[in-house]
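Notes follow once the structure below has been shown.
In what follows, chains are A, B, ... by sequence order, proteins preceding strands, each numbered from 1.
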Amino acid sequence: MTTKEIDYAQLGLKVGLEVHQQLDTSTKLFCHCKPELFKEEPEITFLRRLRPTQSELGQIDPAAYFEFQKGVKILYEADSQSSCLVEMDEEPPHPLSMEAVEIALTAALMMNANPVDEIHVMRKTVIDGSNTTGFQRTCVIALNGIIKVGEKTVPIQHISLEEDAARKTGEDGTTIRYRIDRLGIPLIEVATAPVMNSPREAGEVALAIGRILRATGRVKRGLGTIRQDLNISIKGGALTEIKGVQELELIPLVIEYEVQRQLNLIKISEELAKAGIRPENLKEEFFDVTEVFQQTNCKILRKSIEKGHQILAVKLPGFAGFLKRELMPGVRLGTEMADRAHFWGRVGGIFHTDELPAYGITQQEVEALKKAVGCVPTDAVVFVADVMENARDALKAVLERAREALRGVPEETRAANPDGTTRYMRPRPGAARMYPETDIPPIQLTEEHIDKIRKRLPELPEQKLRRLMLEYNLNQKLAQQLLDSEHAELFETILKESRVSPTTVAAFLTETLKALKRQGIPVERLSEGRLREIFKALANGEITKEAISEVAAWLSKNENKTVKEALECLSLKVMPKEELEKLVDQIISQNKNLIEKNEAKAFGSIMGMVMREVRGRANADLVSEIIRRKLADAQKA
Amino acid sequence: MNREESLAGYKGLALKILKDMDAEIGDLIRIVKGGQAYEGILIPRSEYGDDKHIVIKLRSGYNIGVRLTPDTKVEKIGRGEKPAFVAPPMPEQKQALPKVSIISTGGTIASRVDYRTGAVRPALSAGDLYSVVPELADIARIDAQILFSLYSENITPVHWAEMAKTVAEKIAEGVEGVVIAHGTDTMGYSAAALSFALQNLPVPVIFVGSQRSADRPSSDAATNLTGAVLAAARAPFAEVAVAMHETTSDTSIVLHRGTRVRKCHTSRRDAFKSINAQPLARVEENRITMLAEDYPKRDPTRKLVVKSDFCDKVALVKFYPGIDPAVIDWYVDKGYKAVVLEGTGLGHVAKSLFEPIKKAVDKGVLVAMASQCIWGRVNMNVYDTGRDLLALGVIPLEDMLAETATVKLMWIFAQTSSMEEAKQLLKTNIAGEFSTRSLYTVEENKP
């Protein structure tokens, strides 16, 4: 089934979005650290455990409690540039950054949302180690917004402000490593109602939200600064929460894959039902099959046996052939079982009979295995090699996933992979567990404050697009590129102070800079001031349009030099007209034969030769005009 | 619950509106204003908040405050579920394990946040304890008692006496050790107080606190408590000690001698440090390692002597440049028995204080000198000022903490009214409160 044939509306597809974007503030949300990351070896490390606490109803999140019982420890890495005692959970939070609140309010008003009268900071329990406190601080800034995307009206449920989490840097057995530099960077979260009915539509809405956020001019850019969570469900399926889609462009694909996955799971459940497989057929009966693999050539199993591990197997009656069924590219039902086994049993992986013989396991061994657990040909066997406790937990998780396969699609939280597929992350948490952050008093937003922000709201992206096209005569593609780049404001500044062609400036700020960056030139070192200087020189005729790219490249590599110095060093000073005329005369006289042979083609060849000679020191229009005139004169003569 | 309590924190206008519609905390309410409707559960308001906002919890779990304006309509649309906290079943007491008594006096370690209201309430019943730290059941048989629910800044010498008597009762019942849960701010003072009040201890008495409340997943309460209970149950020493984090990591708990410990940081987990002394012991991975060499051994047959009275006419005066000498006179006039000076450097105060100090000594007030440097020993023979103060009758306190010296003098003047006897007791090392040698290695304990 190709994606084009899918009628998403008929499938009852519903998608909700949560867009998270880092804000470009001078400090973090709850302390005065710089919101920056570090690449070096950590200067400080410390080890902690997070203990699941009871909710107000005396319940403990089972997944969290399980992790705790497994003895999961967290090794935090820090340096003193990017974190202080607040990120280490060794000092109470400082007051909420009002700079971040104002940016969030700006975005909220641009989405027609209603700011709350009083902000209450909350703690949202997150116990995987990504927050040193065991909760994420978050607060609603505004409610009930609306944005128009094409013809569609999309309700925005809330706009909140929250602290970004620490980033995972590794995992070693039961010790998980996190770096806390990112912890506390302000994030704005925009949550839509689940009203998108197709992958394309969800992509467009995400893009529109991203553009509004960028229009505030106060958000971070680059990979990792924006992350989307998606809520996806179809009729007969289940609500899947997908976390951490890093690129807007990936959203439609993630949704297509998830729909495909849910449809395949529904189909599998129907087929299993038809085959008469019932939950009670899936028995928690584990077989120690270590003996079967005593002589095995499979390296993984051999190593495990040498370590004294057990090989434990479970029978899945009627599942033969289903474990290798692909749900989405590269993800089979067997993969989902392996993900669960890894999460609950901390085992490296599982083996199952749908993929055997392979990995050095022979047909004879498979037969012996099937015999040992008492299989008929329609049954599948799953086995793992680990210490008994882990192996049991892993197979229990496999059985649970098999039971869910009978029902269809399980509700779960999945994590996005860079290729658009997803992997199991954890069961969906119950009702959001939020309780008040008692260390931060509520913050009142006055009407005067809101009005002040309302009065200086930036233009909405569509308005700005239209204005750029009208005012500067840019085509839509270039105007859109400019808007999506970080230079729209600079573009207008340049045109205000220099009489140059808007298209030239726009093309430079988008395509040329991108091309230079692709060549590995550090264009990010070009300051706004330097870029403005280049166009001033262009307006004054000190530099030609053709030389801009070369000058910009040189200035990127020579940060403290001026445009004048660039021109000197590159010998790109504009040629006086007389000198240019002399050069043209010279080239024409050197190529008399060529011109006589083919008058029609001569212009192009001469033009090429002259331009090679002047190398950006003269404007192409001027060169062309001189050559035409001289050639015409020569003909007359 | 009366009506006021059922609308905790609300006052003035907001209280009136809520009362008029017969709302209670936890009810579902709808607020309409300016064309916007907000629905959520009524949440208590901080008592420092104004009377112009109503706080509700939205379906998403977020709380917001909605301002009351003349066009705001508030209505109750449903009774809220009143979530009741159900403690999990108590784990089975393992008869083979040692018996440990936990006495709770309040503070962060003995409190939990009421999720519904955000209020902090005391919670250190045995049930609460096991629900927060189930692994305690594998260390000891716990008997828990709530003695006070006090922030430790509100603890006074009267409370020290109560604590000492309660510990004595528990020891008489035959427990293998006692744990006292305490707010961290003045835990050092209380530990010193009980070190003097409980003499000839047969088993350990361990103070424990936490710098992060137990309702937080990152709390240090559980690890500190586990370490404290383990020490109470199994440590080889019989002293008063404080059990807290050794570093910012959750890997080790360190036990400080009660007379030598001081809170040296406002917020860090490892705020407590042994001053001018090696810590007593360390608990790591459920194992106790002794760090001090000289300590009274655990001996259940030993007979406890309780001297739990304290005299509150003892003052601690921190010297600072420009201090008004009349401060000393005031204490003398008020009938104080002793003044501990927290002097500069090796034990100095300005010449301007000499006169009132002389008057105090003449009137029979004991004046002693500790140093505000915190680390190091006073020595009043090096400079003229020191020698002059000695000549005036000021008693140097060696390397004793100023706080411990104050507590010790409070205890001394409840034992005797004789100045000579008091001076003798002050110079006697009763609970390891000072030492004669200053070791370079203790410097490692500095934060």
With salt bridge (charged side-chain N to carboxylate O under 4.0 Å, His left out) as the test, pick out the partner of A:Arg123 among A:Glu162, A:Glu163, A:Glu437.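 Only one option passes, and that is A:Glu437.
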Taking [X] first and then [Y], would you say they form a salt bridge - that is, a charged N and a carboxylate O separated by under 4.0 Å?
X	Y	answer
B:Arg216	A:Asp439	yes
B:Glu39	B:Arg59	no
B:Arg67	A:Glu118	no

Cationic tip of A:Arg177 within the cone over A:Tyr76's six-membered ring, i.e. under 6.0 Å and within 45° of the normal?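 Cation-pi check for A:Arg177 and A:Tyr76: fails.
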What residue, out of A:Leu75, A:Ile74, A:Val121, A:Leu143, has the most heavy-atom pairs lying under 4.5 Å from chain B?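 Most heavy-atom pairs within the cutoff with chain B belong to A:Leu143.
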Picking from A:Asp89, A:Thr45, A:Leu50, which has the most non-hydrogen pairs under 4.5 angstrom with chain B?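 Highest number of heavy-atom pairs under 4.5 Å: A:Asp89.
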Please classify the contact between [X] and chain A as side chain, backbone, both or neither, with a heavy-atom cut-off of under 4.5 Å.
X	result
B:Ala221	neither
B:Val55	side chain
B:Gln211	neither
B:Tyr38	side chain

For each of B:Thr248, B:Ile64, B:Asp50, tally heavy-atom pairs with chain A at distances under 4.5 Å, and name the one with the top tally.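 Top count of heavy-atom pairs under 4.5 Å with chain A: B:Thr248.
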Is there a donor in the side chain of A:Ser80 and an acceptor in the side chain of A:Glu43, or the other way round, less than 3.5 Å apart?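 Yes, A:Glu43 and A:Ser80 have a side-chain donor paired with an acceptor closer than 3.5 Å.
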Between A:Ser160 and chain B, which part of the residue has a heavy atom less than 4.5 Å away: side chain, backbone, both or neither?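 Looking at A:Ser160, just its side chain touches chain B.
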